[in-house]
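Each chain gets a letter, A, B and so on, in the order the sequences are listed, and its residues count up from 1. The shown structure was predicted, so the numbers you read here are calculated from the model rather than taken from an experiment.
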Number of protein chains: 2
Amino acid sequence: MINKPEFSIPEPTLRRLPRYYNYLKELLKSGREIVSCTHIGKDLDLDPPQIRKDLAYTGIRGVPKVGYQIEVLLNSIEEFFGWNNMDEAFLVGVGNMGRALIDYQGFRRYGFKIVAAFDNSPDIIGKTFGGVEVLPLSKLTNLCSRMNIKIGVITTPDHAAQEAADMMIAGGIIGIWNFAPAEIRTPEGVIVQNENLATGLAVLSKKLQILKQSGKFRQEVDQ
Amino acid sequence: MINKPEFSIPEPTLRRLPRYYNYLKELLKSGREIVSCTHIGKDLDLDPPQIRKDLAYTGIRGVPKVGYQIEVLLNSIEEFFGWNNMDEAFLVGVGNMGRALIDYQGFRRYGFKIVAAFDNSPDIIGKTFGGVEVLPLSKLTNLCSRMNIKIGVITTPDHAAQEAADMMIAGGIIGIWNFAPAEIRTPEGVIVQNENLATGLAVLSKKLQILKQSGKFRQEVDQ
DNA sequence: TTTTTATCGATAAATTTTTCTCGATTACAT
DNA sequence: ATGTAATCGAGAAAAATTTATCGATAAAAA
């Protein structure tokens with residue numbers, strides 16, 4: 001049903017790697033220089049062999065009895081994801097979520113930068129948030145092609161999501177990060193990453209429900 | 001390494017269900033009353049048997065040749081997650097992400113409501129966002145117990161996350177939805193749901209990278 | 001009424017992902 | 001120098017998840 005690239009990386013691995021990355025950044029800041037999978041496993045509550053396997057996907061090799069040099073490991077992950085070549089993106093829908101993403105400087109770390117925002121509310125067009133100007137939606141498609149932007153972020157209400165996507169795609173965008181709780185139809189060759197905040201909440205609330213019902217158990221959960 | 005409850009539901013299923021839920025809400029709004037897995041599968045690009053299996057976890061049964069009544073299906077999912085009993089939550093860290101979550105009314109749909117926010121910046125203590133007052137952090141623990149709050153949301157900078165968690169846990173919170181890019185250590189019996197926005201971005205950027213390298217393929221991706 | 005078709009539920013097969021095992025390597029202690 | 005312990009990598013085994021198959025059921029068509 002879904003075409004996969006030749007050498008596919010397990011999606012769970014793909015989802016764990018950013019977690020390692022954040023954790024390793026913290027660790028490096030705390031003064032540590034070398035770390036083993038055993039050590040990581042203890043802190044992240046994961047099995048060492050799995051961590052080893054995940055990290056191996058980025059092409060790194062560890063040293064027996066020692067582990068990995070954290071700095072090299074961080075570079076390896078950065079390179080794996082391509083976080084070295086900065087990706088510029090447009091954002092549509094300057095509500096609270098949109099502003100949160102614009103202001104969140106943390107994305108720079110991941111080679112990701114929102115360079116312009118679009119909305120069709122006259123109240124906010126022309127205003128600037130976190131150094132990013134809000135432009136009228138009508139300019140979206142044209143600017144996409146002119147600036148050769150390939151990634152779009154949708155933070156509109158759900159009823160406006162499809163239109164935003166259509167305009168993006170018309171402008172040549174091939175990757176859409178969709179925060180609107182709506183399904184977006186796209187032609188082939190466009191990748192949609194649906195980011196439904198409710199998913200995390202749902203998983204959490206279900207686990208709590210089970211916890212309440214059936215005694216105590218410990219569980220750490222991601223994303 | 002991780003204890004699981006007796007009857008565990010596959011996590012992928014848990015993550016797909018909210019997506020079905022949103023989709024079905026849309027569908028119902030558009031006038032449809034009955035839907036089959038085949039139909040859902042076409043729209044969501046998933047295999048019908050998988051959808052059937054996922055939905056079966058909520059306890060619903062379909063009718064051959066017909067499918068499911070959308071309204072009944074929605075109820076079934078709501079009940080499965082316990083979205084009928086509203087869960088009240090506290091939020092710590094009233095930055096942009098915090099405000100985005102406070103203002104996002106959409107969570108009501110999932111039986112989730114942020115009833116108070118905490119921060120230790122004098123600039124915002126006392127202010128109100130989306131009807132939610134910002135209180136000083138020092139009141140967190142005490143209010144947690146007094147109001148019997150069980151869910152906490154952390155949207156602080158990473159260095160403040162552990163402290164926020166500790167205060168929450170001291171107040172009796174057992175479920176933490178953590179948006180800070182930091183690992184939180186918790187005692188047994190506390191569930192942490194790490195919500196790392198960068199994960200979605202990482203997955204998207206990796207897929208784009210592969211797409212650019214190896215010709216075209218279509219892919220829809222979630223969370 | 002009978003036949004055809006779509007869809008379901010249940011189960012089996014295939015695939016993917018995680019976990020385990022084991023020999024090899026390196027640091028540290030003796 | 002030699003032995004011991006920690007950790008790695010690679011591959012095997014186990015577990016979980018997805019996909020396919022098949023008989024049953026209900027609606028629609030003949």
Return whichever of Ala56(A) or Val66(B) has its heavy-atom-nearest nucleotide of DNA chain D closer to the 5' end. Ala56(A)
Verify the contact: side-chain N or O of Arg16(A) to OP1 or OP2 of dT18(C), cut-off strictly under 4.0 Å; return yes or no. yes
Remember a base hit wins even if backbone is also touched, and classify Pro49(A) as base, sugar-phosphate or nothing at under 4.0 Å, heavy atoms. base
Can you tell me the distance, in whole Å, between the CG atom of Asp47(B) and the P atom of dA13(C)? 19 Å
Can a side chain N or O of Tyr68(A) be found less than 4.0 Å away from OP1 or OP2 on dG9(D)? yes
For the residue pair Arg15(B) / Asn196(A), report whether a side-chain donor-acceptor contact shorter than 3.5 Å exists. no
Between Asn22(B) (side chain only) and Glu26(B) (backbone N and O only), is there a donor and an acceptor less than 3.5 Å apart? no
If you measure from the Lys or Arg side-chain nitrogens to the Asp or Glu carboxylate oxygens, is any gap between Lys207(B) and Glu11(A) under 4.0 Å? yes
Would you sort out whether Phe118(A) and Phe90(A) count as a ring-ring contact (aromatic ring centres under 6.0 Å, His included), showing the intermediate values? CA-CA 8 Å; Phe118(A) 298 82; Phe90(A) 279 176; 5.0 Å; yes
Given DNA chain C, 5'-ward residue of the pair Lys65(A) and His39(B), judged by closest heavy atom: His39(B)
Rounded interatomic separation in angstrom, taking CG from Leu55(A) and P from dT7(D): 15 Å
Hey, are Glu78(B) and Tyr21(B) close enough side-chain-wise for a donor-acceptor pair under 3.5 Å? yes
Of all the nucleotides listed (dC8(D), dT7(C), dT18(C)), which has the minimum atom distance to the side chain of Arg52(B)? dT7(C)
Expressed in angstrom and rounded to an integer, what is the separation of Ile34(B) atom CD1 from dC8(C) atom P? 11 Å
Asp45(B) has an atom CG; how far is it from atom C1' of dT18(D), in whole Å? 14 Å
Length of the line joining Ile9(A):CD1 and dT18(C):P, which is rounded to integer Å: 14 Å
When the distance from CD of Gln50(B) to P of dT21(D) is rounded to whole Å, what number comes out? 16 Å
Under 3.5 Å donor-acceptor pair, Lys53(B) side-chain atoms to dT19(D) base atoms: yes
Quick one: Ile51(A) CD1 to dC20(C) C1', roughly how many Å, whole number? 15 Å
Can you tell me how far C1' of dG9(D) sits from CD1 of Ile60(A), to the nearest Å? 14 Å
